[in-house]
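Here's the structure we're looking at; comments come further down.
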Amino acid sequence: MQERMRIRAKELLTSGAVQRVLGWKKGDFPYNPEPAFFTAEHELDDLVYDRFCAANLSGYMVEANKQDGKTLVFLKPCDTYSFNQLTKENRVSRDKAWIIGVGCEGNAEVDEMQEIGLLERCKVCTKTEHKVFDELIGEDIQTREKEDRFEQVSDVEKMSPDERFGFWQNQLSRCIRCNACRNVCPACNCKKCVFDSGKYDTEQKANVTSFEEQMFHIIRAYHVAGRCTDCGECSRVCPQAIDLHLLNRKMIKDINELYGEFQAGDDAETPGPLTDYDADTDADPSVVYERG
Amino acid sequence: MQRIGVFVCHCGTNIAGTVDVAEIVEMAKPEPGVVHAAEYPYMCSEAGQNMIINAVKEHNLSGVVICSCSPRMHEATFRKAAEKAGLNPYMVEIANIREHCSWIHKDKAEATQKALTLTRAAIAKVQLNSPLFPDESPVTKRALVIGGGIAGIQTALDIADAGFEVDIVESTPSIGGKMAQLDKTFPTLDCAACILTPKMVDASAHENITLYTYSQVDKVEGFVGDFTVTIRKKARSVDFEKCTGCGACSEKCPSKKSPSEFDQGLCTRPAIYTPFAQAVPNVPVIDREACLKFKTGKCGLCETVCAPKAINFEQEDELVERKYGAVVMATGYEPVSLDKFGEYSYDSSPDVITSLEFERLTNAAGPTGGALTRLSDKRKPKSVTFIQCVGSRDVTQRGKAYCSKICCMYTAKHAMLIKEKYPDIEVNIFYIDVRTPGKAFDEFYRRAEDEYGVRYIKGQVGKVIDNGDHLQIQAVDMLDNKKMELQTDMVVLATAIEPVESAKSIATMLTASIDTNNFMTEAHPKLRPVESPTAGVFLSGVCQGPKDIPETVAQAGAAAAKVIGLLVKDKLMSNPCTAKPDELYCNGCSVCENVCPYGAISYEDCEVNDHGVREVRRVAQVNKALCQGCGACAVTCPSGAMDLQGFSNRQIQAEVDAICR
């Protein structure tokens, strides 16, 4: 499959159909291939595709979009949701991308014990189909029994407020504010993040207490609410192994319950439930209030 | 750093009774930027305002904080005072220590602490205020009245008489509304038609009034002074210009089985019809659901008999787009559905009717020519029983918690009308309370009881059973505290009234607010009762709350006066508290555009100079004339590129910080 991807990429690049290729290349270790742009045919020999190619390349299309000409991008099924979401928000133009959907068996990671396992997001994966593509390479062969992606969220919901606060304090106090989650997140694509901006004095707001990073993560979860496709990149890249996806999934679960099932990135048109109001079907605000 | 003056109002004892005003003054003094603090019993009075003006001059103030009532009450007053003193009016901030504090708390120490917190928040905000300057916008000198009942007609006539053009949009084929269906009116018992139909004719003949009957409002855009409204003129299937109103078509129409809307379904009407003989305009419409030509393609009898060739089966809905400076809601009411009130047997017994049906029965122009007969067997009833508060003052889910206000009086009227015509008929009225405030109202009710011998029974009816010949009523007499049974021949239900269903969607189009009962909300319940909180939208008649004809006419005139006051102006000062995007921060995501209820935001590709880097970006633009300053865009913007002038993100954060300090 990797070979088929290289051949097709070379064809498109040499024919001038695309100006560059966005894919993965070998990293320092076999288990961390990294996202890369390829602009010459010979460079494409370094293109890799295996179970460790977990990085969602959609977000990099924001930069590619500013360049002239088309960019070939390889997207796994789940990555196409992020691409749709970025198109919806006018951050990337569909016309400037040539999307090759690539099959996915589920991404692997190496844990602290140096053992290879399946990424959490892949254990609960529901996104088995490419939502946007120009052509497809490889079959999607995920046949595993999937776990319920909201199970962990429900567990946290069942905790008492004190337990829940303790749970999150334990999680979020590990944060070293490396910003990896924000930088990798395809939804976090603001030109200037509010946490880097002197405009509203918000850059210090994250540092007000000893439990200092709670604000950062909670505000980030709110900023991507209704836009997060649950691609799981935040948790994947976190060096402190914080379960950041739980915050986003809590939002998704609430949105589904209050406004009806919604999957961000299902298409590039439907307005998000939080930025669209329908007096007949939307939850009354008091419902939210009663839930506590 | 601003030079801030803090002025704390006692509001008599409204504030000073619960909040230690002197302490607020003392505690405000050391706050950053505060150079002067003072108190006064009535800050909004002339003396109070002069105190502010003098202090601005004496202490060279650059910002003013008034601790008083809600800004909705007196913000404009204090802004004017600041302007007189030479300050920009937007350098005034109000700390609402009355509605948000003294009125809702009892403990003086706690209330004082909260008032102090609110004051600190206002001081922190005014630190970041900057002068704002309103733009001017033009005024289209024409008004739209939605609804052609007595409320709409009166408002339109008053506006038109002042020299402004008015359009009335009415959903039914004729203006006249509910009042046209009534027989006599309380408390004078003069005939409704005699006082209404001349007004209908006046409205139709007035050179400044245009009637759009059988029409509806499809779309509203714009803002005070400059609304653009799309009116859908539903296909009448009759050419307005050619029709002479001779009525030959209705007479010959073979499809005569549709229930007459005007007669509350008590009789039928043809498929081509005018709702009633005095309809204005006297031009029929074809009910396409009932018309044989439309249903089967065969018939066309009306076309054959129409001498001026006015029938047009091909006519389509017509969309008219017009500009208005002001819009008046006069959409009126409907009786509530009785589906959930099975105990009264309304659905199962023809002899149980609503009050509005009774109006048609007793009306000389009604289906029985004014003769009171039972609908089941055409027999004259020996006894008629009225039940009041059907659905009104009912706090259960099925009913309306409010009093429908008109029922006590019209029920007394109905009883009197029966007794006048048929003194031998026994009349009983079940009531919870008899409510008759109003000029000559209580005298009217007492006449019914004392002079006409109408029997008033305090109590609610539990069940009405139709046993063929008679109706059996089971009730409780609350004065005797006993169960009672009563045999009667006819039951009249004083059904609660509610705003028409379409009021909600029209209000949404106008971005005017409605309350939990779908009545339109006033800008201020006491001081601005005929204005909606949305500028340029005015309220007339029952759409705002239950009221009788005299009140409706009075309010209609009041709404007209407000409209005239607006239309005489050549220019309006717009609110400068509008959204302002920062192109350097804008991602071009369009979320603000999607949430803007006023269509004020658009996106353009602009060349942006980002610290020396020039590039073309898709960035948000705000049309200040359309923006109403609601702030939806500012809170939805993920990067903080959108800000609301006068309520900027930094100001709000400063307020929150001051509260959390």
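Chain letters run A, B, ... following the sequence lines, proteins first, then strands; residues in each count from 1.
Here B/Asp643 is the residue among B/Asp643, B/Val591, B/Thr636 with the most heavy-atom pairs under 4.5 Å with chain A. Interface summary for chain B: among A/Leu274, A/Asn90, A/Asn189, the most heavy-atom pairs under 4.5 angstrom belong to A/Asn90. If you tally non-hydrogen atom pairs under 4.5 Å between each of B/Cys592, B/Ser590, B/Gly640 and chain A, the highest count goes to B/Gly640.
The main-chain N or O of A/Thr275 is never found under 3.5 Å from a side-chain atom of B/Asn594 such that the two would form a donor-acceptor pair.
Other residues, nucleotides and ligands contribute at most 12 non-hydrogen atoms within 6.0 Å of the CZ atom of B/Arg72. Sparse packing is recorded around CG of A/Asp68, with 12 or fewer heavy atoms of other residues, nucleotides or ligands lying under 6.0 Å away. Surrounding NZ of B/Lys580 are at most 12 heavy atoms belonging to other residues, nucleotides or ligands under 6.0 Å away. Crowding of B/Glu615 atom CD: a count of heavy atoms from other residues, nucleotides or ligands under 6.0 Å exceeding 12. Within a 6.0 Å radius of NZ in A/Lys66, other residues, nucleotides and ligands contribute more than 12 heavy atoms.
Nearest approach of A/Arg227 to B/Pro638, heavy atoms of both residues: NH1-CB, 4.4 Å. Minimum interatomic distance between B/Tyr585 and A/Lys191 (heavy atoms only, all atoms of both residues): O-CB, 4.4 Å. Nearest approach of B/Asn587 to A/Arg91, heavy atoms of both residues: O-NH1, 3.3 Å.
Atom CG of residue A/Leu86 and atom SG of residue B/Cys589 lie 11.0 Å apart, to the nearest 0.5 angstrom.
In this structure B/Glu31 satisfies the salt bridge (Lys or Arg N to Asp or Glu O under 4.0 Å) test together with B/Arg120, B/Arg661, sequence neighbours excluded.
If you measure heavy-atom distances from B/Ala654 to chain A, you find no contacts under 4.5 Å at all.
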